[in-house]
Structure formats: C-alpha cells, structure tokens
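When a ligand or atom number is given, it counts from 1 through the structure's own listing order.
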Amino acid sequence: MPAGGSFKSVFGRAPEFVSRAPGRINLIGEHVDYLDGCVMPIAIEKAITIHFARSRSSRSRILPDGFGLDEPVSFDPNNYFRQGPEEAQWLNYVFGVMAGYQNEGLVIPTFDALITSDLPAGAGLSSSAALEMAVAMLIEQLSGCQKNVVERALICQKAEHEWAGVPCGIMDQFASGAGKVGQVLHLDCRNLSYDYVPLPERISVLTADTQVKHALGDGEYRQRRESCEQAAEILGIQSFRDATIEQVEAARERLGELLYLRARHVVGEMHRVESFADALRNDQVDRIAKLMRKSHESLRDDFEVSCEELDVLVEAAYEFGTDKGLIGSRMTGGGFGGSTVSLVKREAADALKDHLEKSFQEKFGRALNCFITSPENGAHCESL
Ligand code: GLA
C-alpha cells in the first residue's frame, strides 16, 4: 500500500504533509570531517520519508514501517527520555532532534507520523542522518520555524552525539540537507562553507552494499577519532588542516607507528579532496581514478577501517578496468562494512554492476545489493 494510504489505515485520516530526507554517498574525504577537513558527498534518491499530520491530542504518535511494530509509539512531547540499549533506539534520533529545537525555546505541536524508508540501514549510506533531517523538516513545518541548512545540520549532528552516542562529524547531516541534483557537494567542515562541483551527466555513480555490519563499528569509530586527537596533540597543531605531510613524516618516531599511520591518512586524504575537486572540474578521469584508489588504500592500510568484502569489491572494480569505463572506486562512509562507491561512464554502468555482482557472489556465496544512482536534492517538505 502507498505510504499515504498506510497513514490513513493507522491514524484514520489522511496525512497533511510529507517530509523526505535522502541518504548520502561520499565520493571522497573519508574520516576527515571531524578533523576540519573538506568532504565531497552527494545526496541520493533513496530516502527516509515521513507522512504526518497535526494532532489534537496532548501526545504525539509515530510508527516506523518495517520495524515489526503493530501500534504507533505514543509520547508526551514535553516529557520523553533517552532510550536504553534494549529499547527502541530509532526513537533517540527523533527525540534528539526534538530536544535540539526545544532547547532553543521552540514549542513543537503534537503530531501523528508514519516513517517509511527505501534506504538500507547499516549500509554506510547515512540512514540515521536522513531520519534526523526528515524529523527536522517535520518540526519546522509544524512549528513555523525555519532554520538554514547549517543550523539544521548542527542540530541533527548534536542529536546523534547526545542521544545516539555516536561522535560523528557533520558530513552526513549536511549532505542529506544540502544535496543538489547533478552536483557534488564540496563542504569545508572547518567553517561550514560550501560550494558544488557538477558531476557530468555521462558519469554514473554505482553503489555496492556488502551488507556487512561490523559489531564494533561505533567503538572503532570513536577510537579513530581519539587517536587523531592524540596525534594532533603530539604534532602540536590546533587542527589537521594546518598539518603538512612533511610534518607528519618528521614526527614519525614521536607519534609511534599507529598514530603516524592514522595521521598520514588524514593529511593525505585532505589533500586528495582538493585534487579530486580540481580533477572533476577539469574532467581529468585518470587523476580521479588514482585519487579514489589511493583513498581506498589509505583507509585500508593506514586508517584500518576497511574489511575484506569492501577490498574485494574495489579490486573487482579496478579489474573491470578503466579501459572498459570505470573511472574510480573506493569504500564510502565510516567503514567496517557498508558500501563501496564507483564512478563509471554511463554506458558501462550496467556491465560494471554485473561484474561486481558476479565477483561478489563467487567469492562470498551471496548476492550483492548494487544500485546505480546520481546526485539528488537534499531534504524537503511538502503539503499534501
Ligand atoms: C560516518 C560519520 C561521518 C564521517 C564518516 C567517515 O559516516 O557519520 O561523520 O566521519 O563516517 O568519513
């Protein structure tokens, strides 16, 4: 049943509004957003959608489709609590964003809402940021408040830090909010200024979701962040944006091997982002191929956030070959599972997809979730 119809069967009336916030795929700039680096993600067409309507009750009701719940969860918008590990974790994203607006003095009217999604969770495509953004749009629609894209992304990031306990950077929320059709976002996470670089129409984006979810993902993410903070302290720098690779090389002994490798990834990746933006603007596909490959190797060897499935897919993409239309391939997102992203000439996208699916099936004996996408617009809300 279409979601508007489901809303009616759950809440007994038609929805008044729909908010929709997309997932994201990062083309380059991995594990640098929380260290003042620049990143280049796109928003994709897969999204979290919320159909909603104002309520006359003193409680709000919300139902996520596909979570096996028969009844909506009902809560008092002025009295709700962080959900513990055994409870409905998804609610923390909703509550966290509500709390962000309420802390600024906003009164959020009660509502009924149905959440649907075609964005796979745990695929490294930012389904949690998309949920936060879709909730932010709902709140702004109902309360009449209007934040700009930067303020909204910051509220959503804070929700993730304080309510979901993930010390993430700002990239995912920003990409879900500020994505633009046909364009790659080029975001400076140091001062949150941004511009866009067009992705030529003849280039397709192929995403391959390994469906591997690393159980230690969050803990490992936090560790990476902490290691980088330690490295910055030893290097005596305020921000990695001020560091050069020579500085990192010169401090190798003082850093010790592990922190040296982490720092080498961060400084190298920050430079790769700028080269990538330049290469994309100037249509230099060979340079793009090298930068994406180097980014993946650095994430695999120096930052150690890849996994076998991701490595096999990236190798399979390069084995398919740039002569057949591949432009570049790498893991995308936080890592420890999740997805790879490949840029490929449009006419070769289906053949690359077949090749990746076949290679994955042969190696791991299961199907790969692979789809072709392109840059889409960020979060928005409409009256129905
Ligand atoms: C996750 C985080 C982002 C970013 C990436 C790695 O997606 O939410 O903030 O750090 O990992 O680039």
Problem - S295 side, atom OG; K290 side, atom NZ - distance, nearest 0.5 Å - result: 15.5 Å
Exercise for the section: State yes or no: are the ring centers of F52 and F111 separated by less than 6.0 Å? Expected result: no
Handout entry: H355 and F320 aromatic ring geometry - parallel, tilted or perpendicular at 30°/60° bounds
Key = tilted
Problem - Y221 N/O to ligand 1 N/O under 3.5 Å - result: yes
Practice task
Mark up the atoms of ligand 1 that fall under 4.0 Å of a heavy atom belonging to E30, in ascending order.
Solution key: 6 (C), 12 (O)
Practice task
Among all protein heavy atoms, pick out the one at the shortest distance from atom 9 (O) of ligand 1; state its residue, atom name and that distance to 0.1 Å.
Solution key: D33 OD2, 2.6 Å
Practice task
Considering only non-hydrogen protein atoms, determine which one is nearest to atom 8 (O) of ligand 1 and report residue, atom name and distance to 0.1 Å.
Solution key: D172 OD2, 2.6 Å
Practice task
Say whether, by atom type as modelled, one donor and one acceptor occur between the side chain of R20 and the main chain of I50 under 3.5 angstrom.
Solution key: no
Practice task
Test the R293-Y318 pair against the cation-pi criterion, namely NZ or CZ under 6.0 angstrom from the six-membered ring centroid and within 45° of the ring axis.
Solution key: yes
Problem - H265 and D301: side chain donor to acceptor below 3.5 Å - result: no
Handout entry: ligand 1 atoms in contact with R24 (distance to a heavy atom under 4.0 Å)
Key = 7 (O)
Practice task
Indicate yes or no: does an N/O atom of G169 lie under 3.5 Å from an N/O atom of ligand 1?
Solution key: yes
Problem - Short N or O distance, Y34 and ligand 1, threshold 3.5 Å exclusive - result: no
Problem - Any side-chain donor near an acceptor of the partner, T373 and E45, under 3.5 Å - result: yes
Fill in the blank from the handout: Closest to atom 5 (C) of ligand 1 among protein heavy atoms sits M171 CE, 3.8 Å
Handout entry: M331 near ligand 1 by a heavy-atom separation under 4.0 Å
Key = no
